[in-house]
Amino acid sequence: MLRTLTKDTVKKIGKKVLLKGWIASIRDHGKVVFVDLRDRSGVVQCVGQNLNKVSVESVVEILGVVVKRPEKLINKNIQTGAIEVQIEKMDVISPAKELPIPIDTDGYEIDEIARNKYRYLDLRRQRMTNNIKLRSIIANFMRQWFLKRDFVEIETPILTKTTPEGARDFLVPSRLQPGKFYALPQSPQQYKQLLMVAGFERYFQLARCFRDEDPRKDRAYGEFTQLDIEMSFVTQNDILVLIEKMFTDLIQKIFPEKHITQKPWPRIPHKEAIEKYGSDKPDLRKNKNDKDELAFAWIIDFPLFTEQSADDFYYGSGSAKFAPSHHMFTAPHPDDIGLLDTDPQKVRGLQHDLVLNGFEVGGGSIRIHDAKIQQKIFDLIGFSEEQKKQFSHMLEAFTYGVPPHGGIAPGLDRFIMAVLGEPSVREVMAYPTSASGQTAVMDAPSEATADQIKELRIKVC
Ligand code: ASP
């Protein structure tokens with residue numbers, strides 16, 4: 001007999017069905033026992049007599065007949081609330097021990113370490129299941145939206161060379177070339193620019209990025225996903241208009257109950273944002289208690305450079321004063337090119353940040369496509385000749401005909417967190433790392449064996 005999903009039971013009144021799933025709850029009234037059966041499509045109430053003992057969360061299969069419930073027993077809160085299944089036979093496929101964490105609450109009250117250790121159980125909770133399913137729907141919407149507009153989805157390498165975005169790299173030792181290391185990409189920044197040199201013109205990727213920086217609530221430790229985009233022959237305005245349209249369409253389709261505070265989205269120069277709101281990611285919601293309000297804004301006209309601080313370990317050899325506000329491939333404002341020689345701090349960059357309800361949910365820029373200007377930026381951030389060599393492939397690529405180009409990378413985790421009003425990106429990731437950097441369930445980082453270390457010819461001190 002074919003399996004019926006719980007949501008389809010309502011179409012089978014009077015019929016015999018075979019259901020498979022987990023026991024969400026049991027109410028034992030002596031002779032009569034009520035069992036709520038959960039599968040990927042929802043829940044249905046089943047009722048039986050003289051059933052064998054079975055524990056909550058066990059996986060079972062139930063053979064039964066779908067019957068209408070009497071009017072006064074209809075449960076309007078669930079899709080299948082007008083019917084129930086009269087159990088003829090219930091078999092346990094796989095029994096469940098008592099769960100180490102409750103899963104019938106929203107879960108915020110449970111210690112993060114326990115939630116992460118038992119993430120496969122934590123994900124059974126309705127809120128988490130919904131968040132992860134929504135994430136899939138959002139990612140799919142983005143993918144289709146860009147594919148329809150002539151973008152090409154292209155994967156870029158994970159084992160690669162450092163792409164500085166201002167964070168520390170994760171290094172992977174090479175076995176074939178002992179003493180050398182790959183870096184995990186902080187973003188596909190250089191690869192996507194090189195795809196423009198290759199002539200694709202419109203690229204996107206739901207890209208995994210890796211940064212060894214301290215976790216914050218809007219940033220998981222280690223890795224995150226961004227909707228990475230790059231386009232040729234565009235102005236900054238083209239990028240802003242396109243992204244604004246994509247998110248507006250997305251909200252209308254997937255979250256019709258939500259409203260956007262201001263359309264078109266305000267474009268605020270960085271200086272004004274700081275003076276007026278004291279922040280470059282202002283929360284512009286009219287009513288911060290309204291969970292359905294989405295205040296998008298663009299922040300533009302950033303200074304190209306910030307003062308170099310101790311955190312900017314990556315740049316310069318100590319003598320340089322500047323670090324890039326966004327990254328070192330961001331183009332200076334064309335009106336300010338002359339200032340690069342005289343007053344670099346006054347130079348504005350063609351950078352754009354996307355802000356939603358007080359969170360920076362994306363950033364991007366028009367890029368430098370002139371090797372001479374790129375050289376100049378390397379000098380201003382204090383790159384040594386050795387450091388410059390690490391980027392010689394970019395400078396060389398730019399000598400073979402490079403289209404003017406630019407892009408952006410909205411963070412997928414961060415956007416979903418902000419839209420759903422979740423307190424942390426970890427609530428919208430299937431397997432996040434914990435605040436202390438342990439991976440969910442698998443508990444990495446862990447020790448390597450002596451043999452593994454020997455083979456890599458590295459020493460652990
Ligand atoms: N690579 C940048 C980042 O990850 C985004 C961009 O400039 O397109 O923030």
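All ligand and atom numbering here is 1-based and tracks the order in the structure.
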Plane angle bin for Phe296 and Trp265 - parallel if under 30°, tilted between 30 and 60°, otherwise perpendicular: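 Because their plane-to-plane angle is under 30°, the rings of Trp265 and Phe296 count as parallel.
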Starting from the N and O atoms of ligand 1, find every protein N or O within less than 3.5 Å and list the pair with its distance.
residue, atom, partner, partner atom, Å
ligand 1, 1 (N), Glu165, OE1, 3.4
ligand 1, 1 (N), Glu165, OE2, 3.0
ligand 1, 1 (N), Ser187, OG, 3.0
ligand 1, 1 (N), Gln189, OE1, 2.7
ligand 1, 4 (O), Arg211, NH2, 2.9
ligand 1, 4 (O), Gln226, OE1, 3.4
ligand 1, 4 (O), Gln226, NE2, 3.2
ligand 1, 7 (O), Gln189, OE1, 3.3
ligand 1, 7 (O), His326, NE2, 2.8
ligand 1, 7 (O), His327, NE2, 2.9
ligand 1, 7 (O), Arg367, NH1, 2.8
ligand 1, 7 (O), Arg367, NH2, 3.4
ligand 1, 8 (O), Lys192, NZ, 2.7
ligand 1, 8 (O), Arg367, NH2, 2.7

Pair Ser365-Arg367, side chain to side chain donor-acceptor pair (under 3.5 Å): steps then yes or no: CA-CA 6 Å; Ser365 59; Arg367 325 297 182 188; 2.7 Å; yes
Sidechain-backbone polar pair: Thr225 side chain, Leu412 backbone, donor-acceptor under 3.5 Å: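 Not a single qualifying donor-acceptor pair exists.
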Side-chain donor/acceptor of Asp122 to backbone N/O of Met128, under 3.5 Å: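 Checked: no pair found.
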Partner residues of Phe378 under the ring pair (Phe, Tyr, Trp, His ring centres under 6.0 Å) criterion, sequence neighbours left out: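 With neighbours one apart ignored, the set is Phe383, Phe391.
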Pair Glu293, Asn287: side-chain N/O donor-acceptor within cut-off below 3.5 Å: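 No, Asn287 and Glu293 have no side-chain donor paired with an acceptor closer than 3.5 Å.
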